[in-house]
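Input: a single structure, listed below in structure tokens.
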Amino acid sequence: MSKKIILSGIQATGKLTLGNYLGAIDNWVKMQEEYNCYYMIANLHSLTVRNDPETLKNNTLKILAIYIAAGLDPEKNTIFIQSQVKEHAELGWILDCYTYMGELSRMTQFKDKAAKHADNINAGLFTYPALMAADILLYQANLVPVGEDQMQHLEITRDIAERFNKLYGETFVMPEGYVRKSSARIMGLQDPNQKMSKSATNLNDVIFLEDEPDVILKKFKKAVTDSENEVRFNPETKPGVSNLMQIYSSITSKTMQEIEKEFEGHGYGDFKTKVAEAVIEKLEPIQKKYKEILDNPKYLEEIYTKGAESARKLASETLNMVKQKIGIIV
Ligand code: TRP
């Protein structure tokens, strides 16, 4: 039996965070043996907000370097940059024409981003989910690992696929969302009710994968907790402490119970230091490798060129099939 296909990606906007690592990339690494994986850097999606061109270019390469440094093997996975596989833009346009304004206006991410960038509510921001649907459907992906915040986009992808299949016969594989276990949902250190976000305005809220050890320690020391001074897991009443426990658990594979026991009778100060140390230790080899890779642009170029070539094989096959079905001369 052939392996199931996985596709996922991260936008090239901003620096990657501990949330991106523990919530996404670390899980991808674990899946690379079992599945046929496509991992991309969604730099076309990044255009939906304004970017400095040089920064966008650098971020794209940095994310690629993080993918590899974190353990994604370019021999085992197809790792590529979205813009280098032109089929994404092409199928994105086609799927725009099979996606309704009403559906798109219900997307919470659109509403959030429109509120945040009120001076730049562009059409791309609105049709963003159709491009994401193209990303997924081009590879006939069976599984799409995403955070909860992307589930709505996955639902609309399924709706678009189903609509298309009904009109033209079986064309797209119906993708399933693969929501990571809740333990890997990392929240902000200052506002533990919000997901840790690379676009956070308070820099103490987020651990960037590039942060130096002393910065990481400082940020954890400042993390918001509560007045109980008791390490106990309860995301509702103790969101700050529970988030720190989740980070610790993701890294050490210890259960919440084990962690509660470990820190029984200890204060938060001690606990925060331990969490910070675990993070620092986990990130150290990744950061080292990351720096080496970034210093070697030729190596990066080799990887993304090969990745795009390999991605294009499947993507062009799907796109040609779509075009034939809808009467677009190939
Ligand atoms: N929209 C996703 C995010 O912001 C990134 C993304 C783009 C993606 N295309 C995708 C994720 C396809 C999964 C599959 O996180």
Side-chain angles (χ1 to χ4, degrees), residues 4-17 19-25 27-28 31 35-49 51 56 59-60 63-64 66-67 72 77-85 87-92 95-96 99 104 107-114 116-117 124-161 172-180 184-186 194-200 206 307 311 314-315 318:
K4 281 194 174 175
I5 296 179
I6 284 204
L7 177 127
S8 198
I10 295 180
Q11 276 202 62
T13 323
K15 296 189 280 186
L16 290 191
T17 70
N20 293 123
Y21 175 66
L22 293 178
I25 303 171
N27 285 320
W28 298 356
M31 293 187 294
Y35 298 98
N36 182 7
C37 303
Y38 290 80
Y39 295 121
M40 58 170 210
I41 298 146
N43 61 341
L44 293 175
H45 277 108
S46 301
L47 297 178
T48 56
V49 298
N51 292 280
L56 176 58
N59 278 341
T60 306
I63 295 179
L64 181 64
I66 288 275
Y67 281 3
L72 283 183
N77 306 278
T78 302
I79 301 173
F80 65 101
I81 300 171
Q82 183 186 31
S83 60
Q84 291 208 308
V85 182
E87 283 78 2
H88 289 251
E90 252 188 280
L91 185 63
L95 295 184
D96 274 347
T99 310
L104 291 171
M107 296 292 120
T108 42
Q109 184 175 296
F110 170 70
K111 288 188 244 178
D112 290 349
K113 287 202 178 173
K116 219 167 140 190
H117 306 275
L125 192 63
F126 192 62
T127 62
Y128 178 117
L131 179 61
M132 181 159 157
D135 298 338
I136 295 167
L137 300 177
L138 273 177
Y139 299 93
Q140 306 288 13
N142 303 100
L143 291 176
V144 183
V146 282
E148 254 159 277
D149 63 315
Q150 295 296 317
M151 264 325 260
Q152 208 184 15
H153 291 160
L154 203 80
E155 285 307 319
I156 197 175
T157 299
R158 289 167 58 88
D159 291 341
I160 297 168
F172 296 123
V173 167
M174 207 43 94
E176 303 271 348
Y178 192 84
V179 175
R180 350 181 239 263
R185 187 155 191 250
I186 307 302
Q194 298 282 335
K195 191 172 110 162
M196 183 181 282
S197 162
K198 46 190 175 182
S199 46
V206 30
L314 187 48
T318 307

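Order of appearance sets the numbers: ligands from 1, and atoms from 1 within every ligand.
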Does a donor on one side chain sit under 3.5 Å from an acceptor on the other, for S46 and N51? no

Hits for salt bridge (Lys or Arg N to Asp or Glu O under 4.0 Å) against E87, two or more places apart or cross-chain, chain-then-number order -> none

Heavy-atom side-chain contact between Y38 and I6 under 4.5 Å: no

Ligand 1: protein residues within heavy-atom distance under 4.0 Å: L7, S8, G9, Q11, M40, A42, H45, Y128, M132, D135, I136, V144, V146, Q150

Go through the structure and list residues passing side chain to side chain contact (heavy atoms under 4.5 Å, CB included) with M151, not counting sequence neighbours. V146, L154, E155, V179

Does the ring center of Y139 lie less than 6.0 Å from the ring center of Y35? no

Side-chain donor-acceptor distances from residues 128-136 under 3.5 Å, at least two apart:
residue, atom, partner, partner atom, Å
Y128, OH, Q11, NE2, 2.7
Y128, OH, Q109, NE2, 3.4
D135, OD1, Q82, NE2, 3.0
D135, OD1, H88, ND1, 2.7
D135, OD2, Q82, NE2, 3.3

